[in-house]
Amino acid sequence: DAQVHLAIAEAFAAGRPFQYNPGGEIVVASTSPFWTVLLTLYFRLAGPLTPALLSLTAVLFWLATGYLLYRVARNVWAMRGVALWAVVLLWLGHTTIVANALGGLENVAAALQLLLLYWLTAERRPLTAARIVAIGLALGWALLTRPDGGLFALIVLALALPVLGA
């Protein structure tokens, strides 16, 4: 998947959008508009360093998700001590998740988006305009990153409606 995203983004950066192979037919090979646009920007700015930037970005998403998971487990689920750290370390140490992060896949971004959306909707605090905008941005970001992540984001939002008072 990461190689497909890189090839499509490189073609976009070179002015050949939606071409997996130079001079080939137009294809819709990337299911992640956000990831494609991000990688296209990386190709325009850093050229051959794009794969390294991709891995760094995915690792940052992985670590940010670990931090947000810590916050959710502590503040929303009221976890403390060993249980709190066990949840976070399970995320950070799970081999599939680590492989996805190091491989530059957008899965870790989708995990961050879903957890962010959950956090924004799960805390029982007033529904302010800023929070509504943040929920909308997180939902839009999820929909643009992965179709399945967007579907799960819509489910999270639907389940949260009673908590939000909507």
Partner of Leu159 by side-chain contact (heavy atoms from CB on, under 4.5 Å), out of Leu161, Val156, Leu157, Ile155: Ile155
With no hydrogens and no angle check, is any side-chain donor or acceptor of Arg16 less than 3.5 Å from a backbone partner on Ala11? no
Could you grab the distance from atom [atom1] of [X] to atom [atom2] of [Y], nearest 0.5 Å is fine?
X      : Y      : atom1 : atom2 : result
Asn100 : Thr95  : CG    : OG1   : 10.0 Å
Leu105 : Phe61  : CG    : CZ    : 13.0 Å
Thr40  : Leu6   : OG1   : CG    : 10.0 Å
Ile135 : Leu127 : CD1   : CG    : 5.5 Å
Leu139 : Leu144 : CG    : CG    : 9.5 Å

Hydrophobic cluster identity match, Leu154 and Leu115, side-chain contacts under 4.5 Å: yes
Do any pairs count as a salt bridge (Lys or Arg N to Asp or Glu O under 4.0 Å) and have a residue in residues 94-111, sequence neighbours left out, and if so which ones? Glu106-Arg146
Pairs where residues 131-142 contributes a residue and the test side chain to side chain donor-acceptor pair (under 3.5 Å) is met, not counting sequence neighbours: none
Suppose the criterion is side chain to side chain donor-acceptor pair (under 3.5 Å): which pairs have a residue in residues 48-57, not counting sequence neighbours? Tyr42-Thr57
Within a strict 4.5 Å, meaning less than it, do heavy atoms of the Val37 and Phe12 side chains meet? no
Are the side chains of Gln19 and Val27 in touch, meaning some heavy atoms are under 4.5 Å apart? no
For residues 70-93, run the donor-acceptor check on the side chains, cut-off 3.5 Å, and write out each pair with its distance to 0.1 Å, sequence neighbours left out.
{"residue": "Tyr70", "atom": "OH", "partner": "Arg74", "partner atom": "NH1", "Å": "3.3"}
{"residue": "Arg71", "atom": "NH1", "partner": "Tyr67", "partner atom": "OH", "Å": "3.3"}
{"residue": "Trp77", "atom": "NE1", "partner": "Tyr118", "partner atom": "OH", "Å": "2.9"}
{"residue": "Arg80", "atom": "NH1", "partner": "Arg74", "partner atom": "O", "Å": "2.9"}
{"residue": "Trp91", "atom": "NE1", "partner": "Trp62", "partner atom": "O", "Å": "3.1"}

For Ala7, check side-chain contact (heavy atoms from CB on, under 4.5 Å) against everything at least two apart and list the hits. Tyr20
Who passes side-chain hydrogen bond (donor to acceptor under 3.5 Å, both in side chains) against Ser30, sequence neighbours left out? His5, Thr36
Exercise: identify the closest heavy-atom pair between Gly149 and Leu114: O-CD2, 3.5 Å
